[in-house]
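All values derive from a computational prediction rather than experimental measurement.
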Amino acid sequence: MNIALDMMGGDYAPLEAVKGISLFLSEGHQNISLTLIGDEAKLKELLIAYAIPFENITLVHASQVIEMHEHPTKALREKKQSSIAIGFQLLATGKTDAFISAGNTGAMMVGALFSIKAIEGVLRPTIGAYIPRENGTLGLIVDAGINADCKPENLLQFGILGSLYAEHILGYNNPKVGLVNLGEEEGKGNLLAQAAYTLLKESKDIHFIGNIEGRDVLLDKADVMVCDGFTGNVVLKMAESIYDLVQRRGIKDEHFDRFNFEMYGGVPVLGVAKPVIIGHGISKDLAFKNMISIAQQMLEKDLLQKMKDVFVQQA
């Protein structure tokens with residue numbers, strides 16, 4: 001498998017990306033090629049400095065970088081030689097099998113949707129976010145922010161995509177899917193939640209357990225928590241703030257340490273036809289290592305084909 005990395009995306013690029021590759025390779029992975037996209041001279045210098053062998057590594061020079069503040073569509077259109085644009089070109093043409101970046105999130109989403117495209121039958125791709133739970137496991141909340149306004153059919157598909165990811169990547173057998181709502185009883189919530197509940201309840205592709213409330217998010221009541229992106233992003237940002245708060249107050253606790261989202265790497269765009277993984281802009285070496293590992297697992301377990309099979313059956 002050939003995994004491509006945008007080496008120029010993120011606040012600490014390219015140094016932390018190189019350090020992340022060093023961590024990943026130190027684990028002795030076999031049969032994996034890495035395509036590193038960025039300033040070739042800088043990358044060579046760093047690879048040598050960190051004693052990373054050039055075996056199974058391909059450098060692709062990118063003379064431009066899409067900065068975090070740039071408009072995604074405009075930047076992709078005007079910066080054809082940027083590391084993100086080249087990364088999607090390589091993925092779309094089959095020269096690489098997955099693409100990872102901690103760069104401009106908007107540009108990554110635009111590239112995923114228009115260069116790679118959605119799996120046939122998927123109305124809107126989604127991104128999930130990991131939620132550390134009290135029992136030491138991870139939950140997945142979908143959508144985490146790219147679909148602020150949704151239809152009931154979108155929430156059903158988020159549940160299916162999230163369930164497949166939770167089963168094959170997070171390792172949950174028959175993952176429990178819950179709808180984030182303001183009450184446990186059927187019939188609660190706004191019009192979107194009420195209509196989505198019926199679709200989720202009737203779906204044979206998921207193990208739907210009903211509504212979950214905000215107080216259930218950090219527990220193991222549901223493995224996959226479904227909501228619109230507006231709600232999901234509020235939950236995610238609140239969870240991120242917990243880590244900042246306990247750090248400021250000097251609290252050391254094993255559970256709250258797991259709210260350091262860097263340790264999980266990035267999140268995949270679920271519902272597009274090839275693996276695309278978006279990292280946080282402040283990603284450091286551990287995050288990059290984990291993003292490569294996620295891409296590796298998605299390819300090894302042929303997750304995208306499993307998703308395509310489900311949506312073909314529904315067509």
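- Minimum heavy-atom separation, Met298 to Pro268: SD-CB, 3.8 Å.
- Applying side chain to side chain contact (heavy atoms under 4.5 Å, CB included) to Leu36 and the options Leu5, Thr58, Ile3 leaves one that passes, Leu5.
- With hydrogens and angles disregarded, no donor-acceptor distance shorter than 3.5 Å links the side chain of Ser22 to the backbone of Val18.
- Within the 4.5 Å cutoff, no side-chain heavy atoms of Asn154 are placed close to those of Asn147.
- The side-chain heavy atoms of Met225 and Leu140, taken from C-beta on, include no pair separated by under 4.5 Å.
- Put simply, CG on Leu138 and CD1 on Ile169 are 13.0 Å apart, with the number rounded to the nearest 0.5 Å.
- The structure places CG of Asn233 at 11.0 Å from CD1 of Ile146, a figure rounded to the nearest 0.5 Å.
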Without placing hydrogens or testing angles, list every side-chain donor-acceptor pair under 3.5 Å for residues 202-210, not counting sequence neighbours.
unit_1, atom_1, unit_2, atom_2, d
Ser203, OG, Asp205, N, 3.1
Asp205, OD2, Gln314, NE2, 2.8
His207, ND1, Asn174, O, 3.4

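- Put simply, the side chain of Asp253 gets close to the backbone of Phe256: a donor and an acceptor are under 3.5 Å apart.
- Applying the side chain to side chain donor-acceptor pair (under 3.5 Å) criterion to Gln305, with sequence neighbours excluded, gives Asp309.
- A donor-acceptor pair shorter than 3.5 Å can be found between the side chains of Asp228 and Thr231.
- In this structure, CD1 in Ile37 is found 10.0 Å from CG in Leu43, a value given to the nearest 0.5 Å.
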Stepwise side-chain contact (heavy atoms from CB on, under 4.5 Å) check, Asp223 with Leu170: CA-CA 10 Å; Asp223 302 310; Leu170 298 181; over 6 Å; no
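- The residues Lys19 and Glu16 are annotated as salt-bridged, a charged nitrogen and a carboxylate oxygen being separated by less than 4.0 angstrom.
- Minimum heavy-atom separation, Glu70 to Asn104: O-ND2, 3.1 Å.
- Between the Ser163 side chain and the Ile160 main chain, no donor and acceptor come within less than 3.5 Å of each other.
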Scan the side chains in residues 119-130 for donor-acceptor partners under 3.5 Å anywhere in the protein, sequence neighbours excluded, and list what turns up.
unit_1, atom_1, unit_2, atom_2, d
Arg124, NH1, Asp149, O, 2.4
Thr126, OG1, Asp143, OD2, 2.7
Tyr130, OH, Tyr165, OH, 2.6

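- Here the side chain of Thr93 pairs a donor or acceptor atom with the backbone of Gln89 at under 3.5 angstrom.
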Stepwise side-chain contact (heavy atoms from CB on, under 4.5 Å) test for Met307 and Leu270: CA-CA 9 Å; Met307 290 178 171; Leu270 300 175; 3.8 Å; yes
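- Salt-bridge annotation for Lys74 and Glu78: present, with a side-chain N of the basic residue lying under 4.0 Å from a carboxylate O of the acidic one.
- Residues passing the salt bridge (Lys or Arg N to Asp or Glu O under 4.0 Å) test with Glu40, sequence neighbours excluded: Lys44.
- Under the side chain to side chain donor-acceptor pair (under 3.5 Å) criterion, Tyr264 pairs with no residue at all, not counting sequence neighbours.
- Scanning all heavy atoms of the two residues, the minimum distance from Pro132 to Arg258 falls at CG-O, 3.2 Å.
- Salt bridge Lys151/Glu153: absent, no basic N to carboxylate O contact under 4.0 Å.
- For residues 31-90, the ring-ring contact (aromatic ring centres under 6.0 Å, His included) pairs, not counting sequence neighbours, are Phe88-Phe99.
- Salt-bridge formation is detected for the pair Glu184/Lys221: a Lys NZ or Arg NE/NH1/NH2 atom is positioned less than 4.0 Å from an Asp or Glu carboxylate oxygen.
- Looking only at distances, a side-chain donor or acceptor of Asp216 sits under 3.5 Å from a matching main-chain atom of Glu213.
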Chi angles and distances behind the salt bridge (charged side-chain N to carboxylate O under 4.0 Å, His left out) call for Glu45, Lys42: CA-CA 5 Å; Glu45 185 179 313; Lys42 282 184 182 176; over 6 Å; no
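- Contact check for Cys227 versus Ile141: side-chain heavy atoms found under the 4.5 Å cut-off.
- Distance check: Leu23 CG to Asp285 CG gives 5.0 Å after rounding to the nearest 0.5 Å.
- When side chains are defined from C-beta on, Met291 does not count as touching Ser101, because their heavy atoms never get closer than 4.5 Å.
- Ile294 contributes atom CD1, which lies 5.5 Å from atom CD1 of Ile277 (distance to the nearest 0.5 angstrom).
- Qualifying side-chain contact (heavy atoms from CB on, under 4.5 Å) partners for Asn2, counting only residues two or more places apart in sequence or in other chains: Ser33, Thr35, Thr96, Asp97.
- With respect to the salt-bridge test (charged N to carboxylate O, under 4.0 angstrom), the residues Lys237 and Glu240 do not qualify.
- Ring planes of Phe259 and His255: perpendicular class, angle over 60° (limits at 30 and 60°).
- Judged as a side-chain contact (heavy atoms from CB on, under 4.5 Å), and not counting sequence neighbours, the contacts of Ala92 are Ile116.
- Using modelled atom types, no side-chain atom of Asn211 and backbone atom of Val180 make a donor-acceptor pair closer than 3.5 Å.
- Shown here are the side-chain contact (heavy atoms from CB on, under 4.5 Å) partners of Gln64, two or more places apart in sequence or in another chain: Lys79, Gln81, Ser82.
- Lys80 is linked by a side chain to side chain donor-acceptor pair (under 3.5 Å) to nothing, counting only residues two or more places apart in sequence or in another chain.
- Of the charged side-chain nitrogens involved, at least one lies within less than 4.0 Å of a carboxylate oxygen, so that Lys201 and Glu186 count as a salt-bridged pair.
- Nearest heavy-atom pair, Phe288 versus Gly9, reported as atom, atom and distance to 0.1 Å: CZ-O, 4.0 Å.
- Under the side chain to side chain contact (heavy atoms under 4.5 Å, CB included) rule, Pro152 has a single partner from Leu199, Leu191, Leu200, which is Leu199.
- Using a 4.5 Å heavy-atom threshold, the side chains of Gln247 and Asp257 count as touching.
- Surrounding CD of Glu134 are at most 12 heavy atoms belonging to other residues, nucleotides or ligands under 6.0 Å away.
- Residue Gly111 comes nearest to Leu76 through the heavy atom pair N-CD1, 3.7 Å, listed as atom of the first residue, atom of the second, then distance.
- Listed here is the closest heavy atom pair of Leu91 and Pro275: CD2-O, 3.9 Å.
- In this structure, CG on Leu245 lies 8.0 Å from CD1 on Ile242, to the nearest 0.5 angstrom.
- Take Phe114 and apply the side-chain contact (heavy atoms from CB on, under 4.5 Å) test, not counting sequence neighbours, and it matches Val110.
- Residues satisfying the salt bridge (Lys or Arg N to Asp or Glu O under 4.0 Å) criterion with Asp302, sequence neighbours excluded, are absent altogether.
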